[in-house]
Amino acid sequence: MSLDEVKIGGMGASRRRVEDNRFIRGKGNYVDDIVLPGMLHMEILRSPVAHARIKSIDTSAAWDMPGVRLVLTGEMMAARNLAWMPTLSYDTAAVLATDKVRFQGQEVCAVIADDPYIAKDACGKIVVDYEILPPIVNPVQAAAPDAVQIRDDKAGQVGNKIFDWEIGDKARTDKAFADADVVSKIELHYPRTHPSPMETCGSLADYDRATGKLTVYLTTQAPHIVRAAVAMVAELPEQNIRIVSPDIGGGFGNKVPIYPGYVVAILASILTEKPVKWIEDKTGNLTSTGFGRDVYLKGEMALRKDGKILGVRMNTISDHGAFFADAQPSKFKIGLMHSAFAAYDIPTAHMFATGYYTNKAPGGVAYRCSFRVTEAMFFQERMVQAAADDLKMDQAEFRRINFVKDEQHPHRTAFGFLTDSGQYEKCLDIGLEAIGYKNFAAEKAEAAKRGRLLGIGISTMTEPLGAGNSREYDILGIKMFDSAELRIHMSGKAILRTGSRGQGTGHETTWAQIVAHELGIPADDILVEEGDTDTAPFGMGTYASRSTPVAGAAIAMVARKVRAKARKLAAHLLEVSEEDIEWELGRFYVRGNQERGVTIQDCAMAAYSNMPDGMEPGLENVAYYDPPNLTWPFACYIAKVEIDPETGVWDVLQFVAVDDCGVRINPMIVEGQIMGGLTEAYAMANMQYQTYDEEGNIIGGNYMDFLLPTAWETPGFELYEVVTPCPHHPIGAKGVGECATVGGPAAFVNAVMDALKDKGVRNIDMPLMPNRVYEALTTGKDVYGMPPVRLGS
Amino acid sequence: MSSLYEEINTPPASDIPVRRVTVNVNGEARTANVEPRLLLAHLLRQGFKLTGTHTGCDTTNCGACTVLFDGRPIKSCTMFAVQADGHDVQTVEGLASASELHPLQEGFKQEHALQCGFCTPGMMMAAKALLEENLNPTEDEIRWALSGNLCRCTGYQNIVKAVLWAAEKMRAELN
Amino acid sequence: MYPSRFKYESPKTIAEAIKLLDAGKGEAKVLAGGQSLVPMLKLRFAFPDQIVDINNIPGLDYIRFDADGSLHIGALVRHEHLEKSAEIAKRQPTIAAAAPLVADPIVRVRGTFVGSVCHADPQGDWAATMIALHGSIVVQGPKGKRTIAMKDFVLGPYANSLNYNEIAIEAVIPAPKGVARGGYLKLERRVGDFATASVAVSLDMSGDTVLNAGFALAGVGGKTIDANEAASALIGQKLTEATIAKAAALVAAKAEPRTDHRGSAEYKRHIIETFVKRILVANSAQKVA
C-alpha cells in the first residue's frame, strides 16, 4: 500500500523541472525583467586606467543633459560614509573611487537617468583627470621592495602583501623530504578566469520614504547576507530591508559578493525617491566583478622509490586584485586550499600561502570553486602526474597505491580534514575500463602513424562540500548553517521555503523531492520558494556546492519534525497510542494491522479540524541545520586527446566521468551539473582566461577575447555513477555542483601533457591554446602564461 | 493599451525625430514611436514587454537575444528597431500556441536542456530555424547550427538531445 | 551596449542612398548587414551622424555567374547565401571554403559579403578571399560607377578607398581560365573568434598545371595581406612537394604577424605556411576535370 517513491517524485526520480515551465515560455523573472512605476536607470562610468590618482572630476555636462536625474561621485558617497564598504574578507573596497582608481574598470561615477541610453550618453560627458601611477599586474611586481603601494588608503598596510598563512607540520615534512628517494617538483600558474554567467549582475532598488522600507531586487546567490550587509552599510533597520533574488541567470559564485553598483543604486533610490535599476553590461561584469583563481604554485612531493608518497609541500602565491574581497569562511585566507591530497594517504604535509594586492579587479574565490578547492585539486593532480612521471610509474597505479583505502575511513588528512567515506579505487577502475586504458598503447601507436600525438589524462579528487560546521566556519562572524520552513496546508499540499538560492541548479524541483521522500506528499503538491528575505528563513545562500549538504539536510530535518507531529495526529485519528503507529511512505498505520491507517493528507486535515486536546493546531515547522562535518564526494575524470603537432590544436577523443556524490536526489539534474561543470573545465583548459598587459589593460574583458566554448567545440561526456552515501547527512547526499570544475581541468591538461611526455615538457599553463602546445612541442620547454611570470626559486 | 492618456516627458529628452514603426510580433501588429538608435532587443523587451528575449553580452557573441526575423534567426541586439518596420518577428513567447507547447519547448524540458534558462529562448529560436530547414539533423549539424548561441550551464549535450527529441516528434506529426 | 544618437534614413534606390551620403559630408555610414557596424556603434568606437540603411533597396541580393564565367555578388548578398549556394560550391571553392568560417551561423544570416569587404577588418575573411581571387569592387557615386581592383581597395585596417559619397554595390570575381580550385583555412580557438591566422588560396588549373594562383592572409598584419606574388612559384608548374613548399614559404614570408596573447609572430607565420601547404596538397590530390 506504500506509494511508489519514484512515481511521486521522491528521491531518485529524474523529475522534470518545475522551473522549466516558465523558462521555456520566456516567462522567467530575471532582475532586468522587473519594471516598477517611475523607474530610473543607472549606468556606471568606469576607470579606463589601472592605477591613477584622481585629480578632478567634472560632472557638470552630465548634469545638464536632459533626462539625467542624478550624478553620483565618490565625494558624494564619502559625505554619506558610503565611499567604502566592508568586504567578506574583513577588508574594505571602494564603492565609487575617491582618491585613486586601483584597477581598470573600477567604478568612478554613476549617472541615473530616464533610460539607460541617456545615462550612457551622460557618462560620456563626465571629465575625469587621472594622474597615472605605475601599475602592478602580478605578485612578483607587487612583492618588489620598491613597488608602489596600491592600498595607501589602509592604515597600517605596508607594501602590497595581504597575508601570510601556514598550515601543516613543517618539521615533520622537512624530515620526510630529507628521507626521500626522489623529490618531484612542479611550478605552475592557475590563471585568472571568470565565472561569467550568461546574465550579468544587476539590481533594482526601491526605497519607499513613506514606509521607510527598502526593497532591492538583485542578482544574488545569498540574499540574507546582502540584507545583513545593507543593514550595516546603509544603516537601515534590518526589518525594513527586503532583498529579493528572483530568477538568476547563472551564478557560479559571481553573484555572491556585494558590488558597488548595488550600493550606489540603493543610495540613488533613496535620494531620487524613485526605483533605480542598474544592470551591468558584459564588459562591466568581466572587468570588475568577482573573478576566480590567479594562484601560483610551487609544489614538491617526497617519494619513496616504490611509489609511496612520503610528504607534500605546497607554496602558493595568490593575486587578489585591488581589494581583498574573497567570499570564503573567515578563518581561511586561502579558502580550503588545504583540502589538497585529501584522497591520498600521506603521512605529512605543509603549505605556505601568501596573498598580494595588484591593480586588477578584486576577488579570487568564485567560479564553481568550492572556496579554492579547484586550485587545490588542480595543483594536486598536476603534482601527482609529475611525480608518477619522475618515478616512471603508470599514472593509474601511482594513484592506486597512494589512495586512502575504503576501510581507512574516517580518515584524518595530512592537513587536518576528516574525510568520512568513499570508494576511490572502484571509481578509478570504472574510469580506466571506460576509456580503454589497457588498449591505449596500441591506439597511441596507430595514431602516431597518422602523424598525431595521443594522450590520456587522469584526474581524481575528493572535495570538502557543505561548509560548514559552526566550530570552524563562519563568514564575517555569521555561522554557516542553513534552514528550511515547511507548512502543510489542510488539503495536504505544502509550501517549503529555504535560505538557499538556486541559480539554475533546480532547487524548486529537488527540494520538493526531499519532502516527498520524507512525507510521501507527491512532489507536484509541494511549492518551493527561495530568495525573498521577508519570507525565507535565514540561510547563508548557495555557493561552494553547499545547498544539498546543508539546506537539503535542513529540509529533511524539518520534514521529519512535521512527520513527528503528524504521527501524533495519526494516533489520535486511529485512536491508538503513538507507540503502536508505524510509518510507510505517505501513511501511518496500526502495527499489526497494515490495512488500518491514515494518509499524511488525512493528518494534515486533522491538524486544522480534529486536533487532540492540548495540541496546537497547524502542521508546520522550521529547522536550522548546523552540519556536523563537511561532505566528501569523489570523482575520477579521464580525458583522451589527440594533438595535431603541426598546429598545436588538440581535440578530445573521449571523456569519461565517474562521480560519487552519495545519494542522488534527482539523477537527471546531477548529470546536468556534471556536464555543465565539465564544459567549464574544458573551457579553462582550452581557451578561457583573463590576463593583463604591462599597463594593466585587461585581455579578456568582453566575449571577443574571453572565450567560452560553443556547442561545436565542446566534447561529449560519458557519465558513470558510484554511490557511497554520506554517513552523517540525513539523506546520504553529498553535493555535486562543483565537482566537475574542481576535478575536470587537470584531466584535460594531464592528457595533453601525457601526449607530450617524450618531449621533456613538464608543464604548460592553462589555457592550453594551440600556440602554447606548439611552443612546448617544438622547444621542449615548459610554457608559462602570457605575460609569463616566474616566481623564482 | 488605452489611447486615453500618455505622459510626455517635459522637456522632451531629445529633438531627434522618432520614427513610427509597425512590427508584426508573434502574429500581432505592434506599433511604436522609436528613436533610431533603439536596439530591436530593447524594443521587444522594454517597448513591447516581451522579456523572454535576453541580452547577455555587448559584442554580438552570445546569441541570447536570438529571434526569428522574417523566419530567419538574427541577433536582435545587433539590429535597430527601425529596421524591423514592416517585418515579422517571432520571439520565444510566440512558440507555443494557445493550447500547446512547441515540440522544442517540450523537448528542452524532457531532456533537461536548460538550467538557469537565460540562454534558452535564443537557443530555441535558433533551433527552430534549423528544424525548419532540416527536420532530420545529425548531432554535428545541430552543434554547428547552434554555435552562435552560448550556454554556460548545460554543456550543450542535453540541448542536442532536446533538438533531436523535437525533430523526431515533428517528423512523426508530419506523417 | 548603447549607441550614441544618429539620424536614420532608409532610401529605396541607390541614387537616393548616394544623395544622402553626399549630403552627409563623411558623417554618414552605410548600414547593410550591420554585423560589424552595429557592434562598433554599441561600443561607441564609431558614432556617425547618420545611418543610411540600404536593406530596403531592391535588386541587390543576386549571386550571378555571367556567360563569361565571372561571378557577381550584389551588395545585399548575406554570408549564408554563399554558404548554401550549390553553384558557388562547384565553381568557386575558395569562397565555399571560407563561407562557413565567417563569424557564426546567426551572424551569417544577416551580414553581407560586400559589407564585410568594405569593413576591411584585418582579420576579415572576405577581404582576403577577394584579394586571392583577384577580385574587384564596383562602386557607385554621384559621378557614376567605377571599378576598384581589390589590391587598391583595402588601404589599411578598417580603411577602404571609397569616397564618402560612394557606395559599393557589387563584388566581381573574374572567371578562371581553366578550373577554379583552392581553399580557405582559419585558425580560430572557437567559432566566432578572431582569427589567429588565416589564409585564402585560389588556383586556376588546366589539368595538372597551374595557370594562375592567388594568396591572401588575414590576422597576421595591420591589414589584409596581399601575397599574390607567391603565385610565381606555381604558375606553369604542377603541384609537387617542391613547388608547394616553395609557394608556402613565399606566402609565409609576406605575413607581418605580431606576438600577442594568441601566439608569437613565429607561430603565426608557421601556421600560414602550414595552411598553405595543406590547401595545396588537398588540391593536388584531386582529379582535375
Side-chain angles (χ1 to χ4, degrees), chain A residues 14 16-17 19-30 32-33 35 66-67 114-118 195-200 247-252 279 281-283 503-506 668-669 671-680 682 702-704 708-714 716-717, chain B residues 9 11-14 35 37-38 42 45-46 49-62 64 91-93 95-96 101-102 104-106 108-110 112 114-121 124 139-140 142-160:
Chain A
S14 280
R16 297 311 189 261
R17 295 196 336 162
E19 298 82 333
D20 291 359
N21 295 330
R22 59 187 186 276
F23 293 147
I24 58 178
R25 289 173 170 83
K27 296 285 185 211
N29 194 35
Y30 305 92
D32 195 20
D33 297 343
V35 173
D114 291 345
D115 70 57
Y117 287 70
I118 294 175
S196 191
M198 286 316 298
E199 180 207 30
T200 60
D247 288 326
I248 304 295
F252 313 121
I279 305 291
D281 56 23
K282 185 100 317 174
T283 302
Q503 321 119 40
T505 38
M668 178 188 80
I669 288 183
E671 291 189 347
Q673 292 300 304
I674 295 168
M675 287 189 286
L678 290 177
T679 301
E680 289 177 337
Y682 172 72
N702 61 50
Y703 273 179
M704 294 298 323
L708 312 188
T710 73
W712 184 246
E713 295 83 34
T714 304
F717 307 110
Chain B
N9 278 326
S14 123
E35 271 195 50
R37 64 170 171 167
L38 181 73
H42 294 149
R45 287 181 53 76
Q46 274 86 54
K49 313 274 187 277
L50 296 167
T51 56
T53 302
H54 302 138
T55 54
C57 77
D58 41 23
T59 48
T60 311
N61 290 109
C62 79
T91 71
V92 62
E93 290 92 341
L95 271 184
L101 291 174
H102 190 279
L104 275 169
Q105 291 169 301
E106 281 187 79
F108 267 63
K109 182 172 175 182
Q110 268 304 114
H112 189 37
L114 63 147
Q115 294 182 20
C116 82
F118 200 75
C119 79
T120 306
M124 288 194 299
E139 175 172 345
D140 268 3
I142 295 171
R143 286 178 177 270
W144 184 250
L146 298 183
S147 61
N149 294 80
L150 297 176
C151 173
R152 212 48 176 144
C153 295
T154 67
Y156 305 108
Q157 196 155 307
N158 282 353
I159 292 176
V160 172

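Every chain is numbered from 1 and lettered A, B, ... according to where its sequence line falls, protein lines coming before strand lines.
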Quiz item: How long is the gap from CG on A:Leu678 to CD on B:Gln157, to the nearest 0.5 Å?
Solution: 9.0 Å

Quiz item: OG1 of B:Thr51 to CG of A:Asn29: how many Å apart, nearest 0.5 Å?
Solution: 7.5 Å

Practice problem: Measure distances from A:Pro116 to the heavy atoms of chain B and classify the residue's part below 4.5 Å as side chain, backbone, both or neither. | Solution: neither

Self-check item: Heavy-atom pair of closest approach, residues B:Arg45 and A:Asp32
Solution: NH2-O, 3.1 Å

Practice problem: Report the option among B:Gln46, B:His42, B:Lys49 that has the most heavy-atom pairs separated by less than 4.5 Å from atoms of chain A. | Solution: B:His42

Quiz item: Looking at B:Arg143 and A:Thr714, what are the two nearest heavy atoms and their distance?
Solution: NH1-O, 3.0 Å

Quiz item: chain A heavy atoms under 4.5 Å from B:Leu101: which part of the residue, side chain, backbone, both or neither?
Solution: side chain

Exercise. Please look at A:Glu671 and chain B and tell me whether the side chain, the backbone, both or neither of the residue comes under 4.5 angstrom of a heavy atom of that chain.
Key: neither

Self-check item: Main-chain N/O of A:Pro197 paired to B:Arg152 side chain as donor or acceptor, under 3.5 Å
Solution: no

Practice problem: With a 4.5 Å cut-off on heavy-atom pairs, point out which of A:Glu713, A:Arg16, A:Gln673, A:Glu680 contacts chain B the most. | Solution: A:Arg16

Quiz prompt | Winner by heavy-atom pair count (cut-off under 4.5 Å) against chain A, out of B:Thr91, B:Asp140, B:Leu146 | solution = B:Asp140

Quiz item: Rounded to the nearest 0.5 Å, how far does CE of B:Met124 lie from CZ of A:Arg25?
Solution: 10.0 Å

Quiz prompt | Interatomic distance, A:Phe252 atom CZ to B:Cys153 atom SG [nearest 0.5 angstrom] | solution = 4.0 Å

Practice problem: With a 4.5 angstrom heavy-atom cut-off, could you sort out which part of A:Tyr117 is near chain B: side chain, backbone, both or neither? | Solution: both

Self-check item: Smallest separation among heavy atoms of B:His112 and A:Ile669, with atom names
Solution: NE2-CA, 3.7 Å

Self-check item: Side chain to side chain, A:Ile24 and B:Glu106, heavy atoms closer than 4.5 Å
Solution: no

Quiz item: Any donor and acceptor pair, going by atom type alone, linking the side chain of B:Asp58 with main-chain N or O of A:Thr283 inside 3.5 Å?
Solution: yes

Practice problem: Check whether the side chains of B:Gln115 and A:Glu19 place a donor and an acceptor atom closer than 3.5 Å, and report yes or no. | Solution: no

Practice problem: Let me know if B:Gln110 has heavy atoms under 4.5 Å from chain A in its side chain, its backbone, both or neither. | Solution: both

Practice problem: For residues B:Leu150 and A:Thr710, report the shortest heavy-atom separation together with the two atoms involved. | Solution: CD2-CG2, 3.8 Å

Exercise. Mind listing the closest non-hydrogen atom pair of A:Pro709 and B:Tyr156 along with its distance?
Key: O-OH, 2.8 Å

Quiz item: Looking at B:His54, B:Gln105, B:His102, B:Glu93, which makes the most heavy-atom pairs under 4.5 Å with chain A?
Solution: B:Gln105

Quiz item: Which one, A:Met675, A:Met704, A:Gln503, A:Arg17, leads in non-hydrogen pairs under 4.5 Å with chain B?
Solution: A:Arg17

Practice problem: Tell me, for A:Ser14 versus chain B, whether the close heavy atoms (under 4.5 Å) come from the side chain, the backbone, both or neither. | Solution: neither

Exercise. Drop me the distance from B:Asn61's CG to A:Leu708's CG, to the nearest 0.5 angstrom.
Key: 8.5 Å

Exercise. Look at the side chain of A:Lys27 and the backbone N and O of B:Gly52, then say whether any donor-acceptor pair between them is shorter than 3.5 Å.
Key: no

Quiz item: Of the non-hydrogen atoms in A:Gly249 and B:Phe118, which two are nearest, and what is the gap between them?
Solution: CA-CB, 4.0 Å

Quiz item: What part of B:Thr59 lies closer than 4.5 angstrom to a heavy atom of chain A: side chain, backbone, both or neither?
Solution: both

Quiz item: Under a 4.5 Å heavy-atom cut-off, does chain B meet the side chain of A:Phe717, its backbone, both or neither?
Solution: both

Quiz prompt | Atom pair CD (A:Glu199) and SG (B:Cys62), whose distance is rounded to the nearest 0.5 Å | solution = 12.0 Å

